[in-house]
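Here's the structure, in structure tokens; my notes come after.
Values below: every heavy atom of this structure, side chains too, minus hydrogens, waters and symmetry copies. Chain identifiers are assigned alphabetically (A, B, ...) following the order of the sequence lines, protein sequences preceding nucleic acid strands; residue numbering begins at 1 within each chain.
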Amino acid sequence: MSKIITRFAPSPTGHLHIGGARTALFSWLLARHYGGEFRLRIEDTDLERSRQEYTDSILASMRWLGLDWDGDLAYQTKRTELYNAAVDRLLENGTAYWCTCTPDEVDAMREAAKAKGEKPRYDGRCRDKHHGPAQGAVVRLNVNAVMPAGSRVAFDDMVKGHVAVSVDELDDMVLRRSDGMPTYNMAVVVDDHDMGVTHVIRGDDHVSNTPKQILLYKALGWPLPVFGHVPMILGPDRQKLSKRHGARAVVEYQKDGLLPGALVNCLARLGWSHGDQEIFTMDELIRFFDGTNLNSSAAAFDFERLNWLNAHYLHETPADTLAELVAPFVAERGMEPAPDALARFIPLYHERAKTLIELADSIVRLMKSADKLDYDEKAVAKALTEEGRGHVRALHSLFASLPSFDAETLNTALNAYVNDNGFKFKQVGPALRVALLGIQNGPHLPDLMAALGRDATLKRMERACAVSTPAA
RNA sequence: GUCCCCAUCGUCUAGUCGGCCCAGGACAACGGCCUUUCACGCCGUCAACAGCGGUUCAAAUCCGCUUGGGGACGCCA
């Protein structure tokens, strides 16, 4: 089998969204599985909406996800000669023609067709007029010069199987706009052929473009690639993903403190499966993704599953790697992410946090100086009662005199305090925790205090007693 | 409107050429265990073959229709 070449071809009119990311992932996986190439092409022929910053953002997201590409980036705006040459060939071999109809005239035709209950389309009135190049003219494909009326355009899709449409459904589409730029379908065909693309993996929304493109391949006399149309990703309400569904762009997930591995894993399982396996490493995905087991029905994006996967990946990530990953989030919260502090505090929340944001919030709470700590009102009211503060004061002097401040010693001292005085742990523990953290839940107390160190621990206990004392 | 595609638990899905499926796994939910709190972890419960007709000894699996959903019909990509 010859080398397979896949590609991802985003248009820089927005950030990379999860639908595009999954398409890119599938293309990338297929290429990597078969040891082929994965190319990246920026479809920027829409001069109005294309922006460099979006190209940059898309590339950054691709890198973050770990999807590297082969060869140079291709920009469609830099390949106009290629498209023009192809259009000229079609003009020469009689499968394309100049059309001088104005956009308004074409609109009127579509309206008329619609009124008759037909598919809105251009009626081909310039086909035989033999117009030459003219100001404002476009070049259209003469569909019936490629395939006779009544015949069917068919292809075998990697995920959808056999798909066929009557050529009568297709109209004489514009190939070259009046400004000289190629239209999407023209550029895609020329580029995919030129780049040697063998497998075109793209979204479901392109199935109806495929017959049009097949016509172009035929008109140009080029071999057809294999097509694979992956189903769309829907929102939880099974509607097309949109703003109101929350995060759609990959960058938003990154900002939300998710791990790329978790997103990749989640995306991979949307429309693809490998038996009952839920968790995959990149290597496993590459090993198992061979273009089969693709699901042909649309899938709703499940944020709950992503969260679960993320928690899993977070727990699996080694503490030192995690330190590098949370550092930016800690800094963002106004704290210096000192390596030693990170190393001391991460273990306390490694198992507890579900996202880098949760982890950063917890760590920042521990890094703050005692006077900057904020207390949750409810927690204070519930635990730092008169009695609670009494325990905190007693423990304060007990801890102050401890020979060493390790978790073992603290645990023993704390238990001794509770047991020797006949208290219940519930009377003491919550008060101490709120005094130390300002909130009711958190790590095991001795571990927490050992990580905080004697100085910070005692300061926090002092501050807690002062804070909860009614204004004096 | 026309054309194309799709249809298994709330969600993602398993279900090789029909029998081993009164349908399996995972997330969520719920219950329990563990536990000095909260998480983690472990155990368990709930829950689906859209409907109707065929074909067949046998259908979630094949065929048809209905219904429901999605997509496409641009000098956007």
Side-chain angles (χ1 to χ4, degrees), chain A residues 9-13 43-46 48-50 76 99 101-103 106-107 110 113-122 136-140 157 159-161 163-166 168-171 173-185 187-188 203-211 229 231-232 234 236 238-240 266 269-279 292-293 295-309 311 315 349-354 358 383 411 414-415 418 424-426 428-430 432-434 437 439-446:
Chain A
S11 63
T13 53
E43 310 219 320
D44 53 355
T45 53
D46 183 344
E48 298 281 313
R49 299 191 302 149
S50 294
Q76 288 191 322
C99 166
C101 296
T102 65
V106 178
D107 280 347
R110 286 191 229 279
K114 237 178 189 171
K116 283 196 292 181
E118 288 168 8
K119 198 167 185 128
R121 61 199 312 214
Y122 173 71
V138 300
V139 174
R140 289 181 182 274
D157 194 274
V159 353
K160 303 218 175 268
V163 180
V165 192
S166 164
D168 302 348
E169 292 299 324
L170 277 21
D171 71 353
M173 61 177 163
V174 171
L175 267 21
R176 181 155 94 170
R177 301 194 275 236
S178 54
D179 66 359
M181 290 298 278
T183 53
Y184 166 73
N185 284 119
V188 166
D204 215 344
D205 47 340
H206 284 291
V207 281
S208 58
N209 280 322
T210 306
H229 292 94
M232 315 240 69
L234 276 22
R238 302 209 61 84
Q239 297 296 304
K240 194 171 181 177
C266 192
R269 282 288 286 109
L270 226 50
W272 175 80
S273 60
H274 182 71
D276 283 338
Q277 189 167 344
E278 299 288 349
I279 297 181
T292 66
N293 297 310
N295 204 135
S296 56
S297 55
F301 190 72
D302 188 353
F303 294 91
E304 297 290 355
R305 178 178 294 269
L306 211 211
N307 287 335
W308 170 73
L309 275 165
H315 301 161
Y349 285 98
H350 199 152
E351 290 272 295
R352 266 168 251 270
K354 288 189 164 60
E358 282 184 19
N411 193 36
L414 181 56
N415 284 330
V418 172
K424 288 268 195 293
F425 197 89
K426 274 194 294 192
V428 181
L432 180 57
R433 178 167 283 110
V434 173
L437 288 176
I439 52 178
Q440 297 185 70
N441 302 319
H444 191 62
L445 257 5

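Distance A:Leu414 CG to B:U37 C1': 13 Å, rounded to the nearest Å.
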Every protein N/O within reach of nucleotides 2-5 of chain B N/O, cut-off under 3.5 Å:
from : atom 1 : to       : atom 2 : distance (Å)
B:C3 : O4'    : A:Glu169 : OE1    : 3.3
B:C5 : O2'    : A:Lys160 : NZ     : 2.9

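Contact annotation: A:Asn293 side-chain N/O to B:U13 OP1/OP2 distance is not under 4.0 Å.
Remark: A:Tyr184 engages A:His206 in a ring pair (Phe, Tyr, Trp, His ring centres under 6.0 Å) (not counting sequence neighbours). Judged as a ring pair (Phe, Tyr, Trp, His ring centres under 6.0 Å), and not counting sequence neighbours, A:His350 has no contacts. Checked against ring pair (Phe, Tyr, Trp, His ring centres under 6.0 Å), A:Trp272 has the following partners two or more places apart in sequence or in another chain: A:Phe280, A:Phe289. In this structure A:Arg352 satisfies the side-chain hydrogen bond (donor to acceptor under 3.5 Å, both in side chains) test with no other residue, sequence neighbours excluded. Under the side-chain hydrogen bond (donor to acceptor under 3.5 Å, both in side chains) criterion, A:Asp157 pairs with A:His229, sequence neighbours left out. Judged as a salt bridge (charged side-chain N to carboxylate O under 4.0 Å, His left out), and not counting sequence neighbours, the contacts of A:Arg110 are A:Asp171. Residues passing the side-chain contact (heavy atoms from CB on, under 4.5 Å) test with A:Ser297 are A:Asn295, sequence neighbours excluded.
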Assign a letter to each nucleotide of nucleotides 24-34 of chain B from its 5' end: B, base within under 4.0 Å of a protein heavy atom; S, sugar-phosphate only; -, no contact.
BBBS-------
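Among the heavy atoms of the strands, none lies under 4.0 Å from A:Gly203.
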